[in-house]
There are 2 protein chains.
Amino acid sequence: MEREEVNIQFSKSTDYALHALIHLAHSEHRHNIGIKELSATLGVSESYLSKVMSKLRRDGIVRAVPGVNGGYELARPAEQITFLEVIQVIEGRQQLFECSTLNSQQHRLLAEEGAAERDRDCQGKSECLVKKVMDGAEEHLYQYLREHTIQSVLDEAFQR
Amino acid sequence: MEREEVNIQFSKSTDYALHALIHLAHSEHRHNIGIKELSATLGVSESYLSKVMSKLRRDGIVRAVPGVNGGYELARPAEQITFLEVIQVIEGRQQLFECSTLNSQQHRLLAEEGAAERDRDCQGKSECLVKKVMDGAEEHLYQYLREHTIQSVLDEAFQR
DNA sequence: TTATTATGGACATCAAAGGTCCATAATAAA
DNA sequence: TTTATTATGGACCTTTGATGTCCATAATAA
Ligand code: SF4
Ligand code: SF4
């Protein structure tokens with residue numbers, strides 16, 4: 001009877017950002033695509049999309065020029081813009097897993113076991129295996145996202 | 001000046017669930033670990049942790065018995081409980097990426113390009129490359145999480 | 001100078017995470 | 001058969017973040 005709606009997924013903003021970048025890449029012969037055209041292409045409101053674009057500009061993914069015939073264009077070639085980069089700009093850069101029980105008995109128990117390991121990796125961080133598994137998962141995910149760029153999507157889409 | 005705090009990370013509940021399961025696995029010679037002991041071990045309130053445990057029970061990860069000397073125990077051997085399973089029980093099973101612009105011009109443009117592909121994979125779903133990259137990322141992540149179990153953490157922690 | 005376009009701040013809304021409290025059900029021990 | 005104990009689930013609360021709008025301002029090319 002309950003409507004459980006827990007969430008571990010990327011935000012709509014990330015979706016919008018990726019789609020906008022693809023449109024810019026696809027129209028790179030032209031210059032300065034305005035927010036009007038972008039929002040029409042994606043079917044998203046100008047106000048909201050402009051927030052997303054501003055973020056992309058602040059992080060050097062796109063360039064923006066105001067005024068007549070202004071708009072956006074990629075700041076770098078599309079093959080240098082990875083999925084990971086876009087996601088991190090929009091979603092932030094916190095870790096996929098952050099310890100919430102660092103002051104617990106259990107943390108002490110599990111982290112102390114790493115004593116042998118702390119000889120080589122002596123950073124005093126004392127992370128346990130749970131954290132290591134989760135960090136490994138994150139790195140796996142990131143590595144995959146690093147290998148895919150905006151250009152790679154276009155390449156596969158428009159080869160015929 | 002802004003405090004951007006966007007979030008793509010696992011919830012505290014997932015953290016609690018993993019830690020609780022590790023405690024149960026570590027104490028499997030005993031039976032029926034009560035919520036009192038669990039919450040003391042993790043340093044988390046009984047009320048909240050009991051919600052998490054109930055979820056784990058409803059999905060067959062742990063067994064629970066009320067009454068004097070009651071408590072929780074693993075419903076299956078620890079080597080059969082994967083990280084992925086625990087995460088999905090707590091976080092739900094939606095996809096990491098869901099299309100938010102399915103009615104856009106761009107979707108039509110990108111999805112139509114898959115015409116050649118629809119001959120073999122004729123499901124009418126017409127997903128584009130963006131979605132495929134993201135789904136690939138998800139599958140990558142999941143595969144990794146499937147390969148790690150509660151037992152594997154204990155093994156590495158208590159080998160000396 | 002002017003029309004146009006992006007920017008950023010201020011709000012508004014809504015859903016979900018995180019958490020508490022309590023009444024009830026279930027159970028084992030006495 | 002009590003009784004003490006423990007888990008369960010519903011109701012409720014608070015805070016946060018995602019999503020979104022609106023407007024005043026800055027910047028720029030024509
Ligand atoms: S280091 Fe391990 S035991 Fe300690 S809080 Fe993090 S996940 Fe939990
Ligand atoms: S299928 Fe591709 S283009 Fe269509 S909404 Fe999904 S990600 Fe966007």
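The sequence lines fix the lettering, A, B, ..., with proteins before strands; numbering per chain opens at 1.
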Spacing of A/Glu73 atom CD relative to D/dA29 atom P, expressed in whole Å: 12 Å

Cationic N near anionic O, under 4.0 Å, B/Lys51 to B/Glu46: no

Presence of B/Arg58 side-chain N/O under 4.0 Å of D/dT8 phosphate oxygens OP1/OP2: no

Where at least one partner belongs to residues 18-28 of chain B, residue pairs that pass salt bridge (Lys or Arg N to Asp or Glu O under 4.0 Å), sequence neighbours excluded: none

Phosphate-side-chain proximity, B/Ser11 and C/dG18, N/O vs OP1/OP2 below 4.0 Å: yes

Rounded distance in Å - CD (B/Gln9) to P (D/dT16): 15 Å

Basic-acidic side-chain contact under 4.0 Å: A/Glu73, A/Arg57: no

Atom-pair distance (CD1 on A/Ile8; C1' on D/dG17), nearest Å: 14 Å

Where DNA chain D forms stems, i.e. three or more consecutive Watson-Crick or G-U pairs with both distances under 3.5 Å: C:1-30 with D:1-30

No-hydrogen, no-angle side-chain donor-acceptor test under 3.5 Å, A/Tyr48 and A/Ser13: yes

Side-chain N or O of A/Arg57 closer than 4.0 Å to phosphate OP1/OP2 of C/dT7: yes

side-chain hydrogen bond (donor to acceptor under 3.5 Å, both in side chains) partners of B/Ser27, counting only residues at least two apart: B/Arg30

Residues A/Glu139 and A/Arg146 bridged, charged N to O under 4.0 Å: yes

Base of C/dG9 paired with side chain of A/Lys51 (donor-acceptor, under 3.5 Å): yes

For atom CD of B/Glu46 and atom P of D/dT5, their distance in whole Å: 14 Å

Among B/Glu98, B/Glu138, B/Met134, the one residue meeting side chain to side chain contact (heavy atoms under 4.5 Å, CB included) with A/Phe10: B/Met134

Backbone N/O of B/His19 and side chain of B/His23: donor-acceptor pair under 3.5 Å: no

Spacing of A/Leu49 atom CG relative to C/dG8 atom C1', expressed in whole Å: 16 Å

Atom pair distance, as rounded to whole Å: OH in A/Tyr48 and C1' in C/dG8: 15 Å

Parallel, tilted or perpendicular, as decided by the 30° and 60° cut-offs, for the rings of B/His140 and A/His140: tilted

Pairing of A/Asp59 and A/Lys55 as salt bridge, 4.0 angstrom limit: no

Between C/dA16 (C1') and B/Ile90 (CD1): distance, integer Å: 15 Å

Letter per nucleotide, 5' to 3', of nucleotides 22-30 of chain C [B base touched, S only sugar-phosphate touched, - untouched; heavy atoms, 4.0 Å]: ----BBBS-

Verdict with reasoning, B/Glu91 to B/Ser11, per side-chain hydrogen bond (donor to acceptor under 3.5 Å, both in side chains): CA-CA 7 Å; B/Glu91 307 280 353; B/Ser11 65; 2.9 Å; yes

Distance test, side-chain N/O of A/Ser54 to OP1/OP2 of C/dT7, below 4.0 Å: yes

Between P of D/dA18 and CD of B/Glu98, the distance in whole Å: 16 Å

Those residues that, when tested against B/His31, pass ring pair (Phe, Tyr, Trp, His ring centres under 6.0 Å) (two or more places apart): none

For DNA chain C, the residues among residues 12-45 of chain A that have a non-hydrogen atom under 4.0 Å from it: A/Gly34, A/Ile35

